[in-house]
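Only a predicted model underlies this, so the values are computations on that prediction, with no experimental measurement involved.
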Amino acid sequence: MIELDGEPAGPEALASLALTNYGHFTTLLVENGRVRGLELHLERLIRDCRTLFDAALDPDRVRRLARRAAPEHGRATVRVTVFDPALNLGNIAADARPGVLVTSRPAPDKPPGPLRVRSVVHRRDLPEVKSVGLCPTLRLRRQAQRAGYDDVLFTGADGDLLEGGTWNIGLVRDGEVVWPGGEVLAGTTRQLLRRATDGPTELVGLADLGSVEAVFATNAAVGVRPVTGIDDREFPAAHPSVARLAEIYQALPGSPL
């Protein structure tokens, strides 16, 4: 399903998104009509719309449009993309009237396996915005995968851990969950788990990984996912603290879409 403002998305609008590629999005995991952290997804959309378009976004309208794409029962991944089909390279400074593009696909029933990642020095433009401009991220992910890894982990120039391509990273040290700081997109799953566990946020570098017991990735589509390797350093695929986090996340109630 692909709809723009509640109607089938036509080729002209999709061509505008493909050719101009200016906008932002969020991805919802809808389970039996409910979404964990729905208010955080909506806050993100409102905030990013103001940042990129200097325009307001009605969260109730977003919910209505997203609900059309979500099955009443079962699991689905619903992506909400906000962009203005009328904007292009020649008139990018014009006043914007952002539209809401909604797509959906079935969500897998089984969680994905652990991740092995390669670190690379990179900071996303406007890291606090979930932008549709994914070319740099996908280029680095492609290079990592072609080198035998599953994904890429961004670091600062001094080696500070930042974030994955489309996920946040968390660590377990001395039995305590630690969230690396720095300029990153604070994902909805990370925010929900921080509320539930109250783990500290601090700068952690690649050089500090020797004292880390376990590493995990978080995002809305998969929840909590073990990271078993960063470059040539290995971590366990199963750890009690990571398993507990996964259980906490799965137990969080979702809000009706």
Side-chain angles (χ1 to χ4, degrees), residues 25-45 63 66 69-71 73-80 103-117 127 130 134 137 141 149-154 161-173 175-180 184-201 204 212-230 235-257:
F25 73 100
T26 198
T27 301
L28 315 171
L29 177 62
V30 184
E31 298 176 290
N32 297 320
R34 305 180 76 90
V35 178
R36 291 185 189 85
L38 177 61
E39 75 285 358
L40 296 175
H41 285 284
L42 295 173
E43 288 172 6
R44 166 191 287 165
L45 291 172
R63 291 178 69 175
H73 302 288
R75 292 160 48 89
T77 302
V78 175
R79 171 168 161 159
V80 177
T103 63
S104 67
R105 66 181 188 275
D109 293 326
K110 295 182 180 179
L115 283 170
R116 291 182 62 255
V117 302
K130 196 172 179 68
L134 295 176
T137 295
R141 174 179 284 175
Y149 297 88
D150 298 308
D151 209 339
V152 64
L153 171 64
F154 301 148
L161 306 183
L162 296 177
E163 59 186 335
T166 52
W167 42 273
N168 288 124
I169 185 170
L171 314 170
V172 179
R173 186 183 60 199
E176 182 181 52
V177 174
V178 178
W179 301 98
V184 303
L185 175 68
T188 59
T189 303
R190 168 175 155 154
Q191 292 182 71
L192 289 172
L193 287 173
R194 284 204 63 205
R195 289 178 181 177
T197 62
D198 197 30
T201 299
V204 180
V212 169
E213 302 160 25
V215 182
F216 59 92
T218 65
N219 79 357
V222 300
V224 179
R225 186 177 183 183
V227 174
T228 55
I230 299 177
F235 301 95
H239 188 279
S241 295
V242 178
R244 176 175 171 270
L245 276 179
E247 292 173 357
I248 289 173
Y249 184 70
Q250 288 299 321
L252 291 174
S255 299
L257 182 59

*Are side-chain heavy atoms of Thr137 and Phe154 found at a separation under 4.5 Å?*
yes
*Listed by chain and number, what are the side chain to side chain donor-acceptor pair (under 3.5 Å) partners of Arg79, not counting sequence neighbours?*
Thr81
Which atom pairs, donor and acceptor, lie under 3.5 Å between side-chain atoms of residues 249-257 and protein residues at least two apart or in another chain?
{"unit_1": "Tyr249", "atom_1": "OH", "unit_2": "Thr189", "atom_2": "OG1", "d": "3.4"}
{"unit_1": "Gln250", "atom_1": "OE1", "unit_2": "Arg36", "atom_2": "NH2", "d": "3.2"}

*Asn168 side chain to Glu163 backbone, donor-acceptor under 3.5 Å*: no
*Does Arg141 have any side chain to side chain donor-acceptor pair (under 3.5 Å) partners at least two apart in sequence or in another chain, and if so, which?*
Asp151, Thr166
*Can you tell me how far the CZ atom of Phe25 sits from the CZ atom of Arg44, to the nearest 0.5 Å?*
8.0 Å
*Gly164 and Leu153: which non-hydrogen atoms are nearest, and at how many Å?*
N-CD1, 4.1 Å
*asked:* List the residues meeting side chain to side chain contact (heavy atoms under 4.5 Å, CB included) with Thr77, not counting sequence neighbours, and say none if there are none.
replied: Thr27, Leu29, Arg105, Ala107
*Residues in side chain to side chain contact (heavy atoms under 4.5 Å, CB included) with Glu43, at least two apart?*
Glu39, Leu40
_Can you tell me which residue among Leu171, Leu193, Val204 is in a side chain to side chain contact (heavy atoms under 4.5 Å, CB included) with Trp179?_
Leu193
_Looking at every non-hydrogen atom in both residues, tell me the closest pair between Pro180 and Arg190 and how far apart they are._
O-NH1, 3.2 Å
*asked:* Could you report the tightest heavy-atom contact between Pro114 and Thr228, atom names first, then the distance?
replied: CB-CG2, 3.4 Å
_According to side chain to side chain donor-acceptor pair (under 3.5 Å), who are the partners of Glu247, at least two apart in sequence or on a separate chain?_
none
*Output the distance between atom OG1 (Thr218) and atom CG (Leu245), rounded to the nearest 0.5 Å.*
9.0 Å
*asked:* Contact between Phe235 and Val172 at the side-chain level, heavy atoms closer than 4.5 Å - yes or no?
replied: no
*Once you round to the nearest 0.5 Å, how far does OG1 of Thr26 lie from CG of Leu185?*
8.5 Å
*Would you give the length of the straight line joining atom CG of Leu28 to atom OG of Ser104, rounded to the nearest 0.5 angstrom?*
11.0 Å
*Starting at CZ of Arg225, measure out to CG of Leu115 and round the result to the nearest 0.5 Å.*
3.5 Å
*Write down the atom of Val80, the atom of Ala66, and the distance for their closest heavy-atom approach.*
CG2-CB, 4.2 Å
*Looking only at non-hydrogen atoms, find the nearest pair between Pro108 and Arg75 and report the distance.*
O-NH2, 2.8 Å
_Flag side-chain contact, heavy atom, 4.5 Å: Trp167 against Val117_ = yes
*Does Asn32 reach the main-chain N or O of Gly74 with its side chain, forming a donor-acceptor pair under 3.5 Å?*
yes
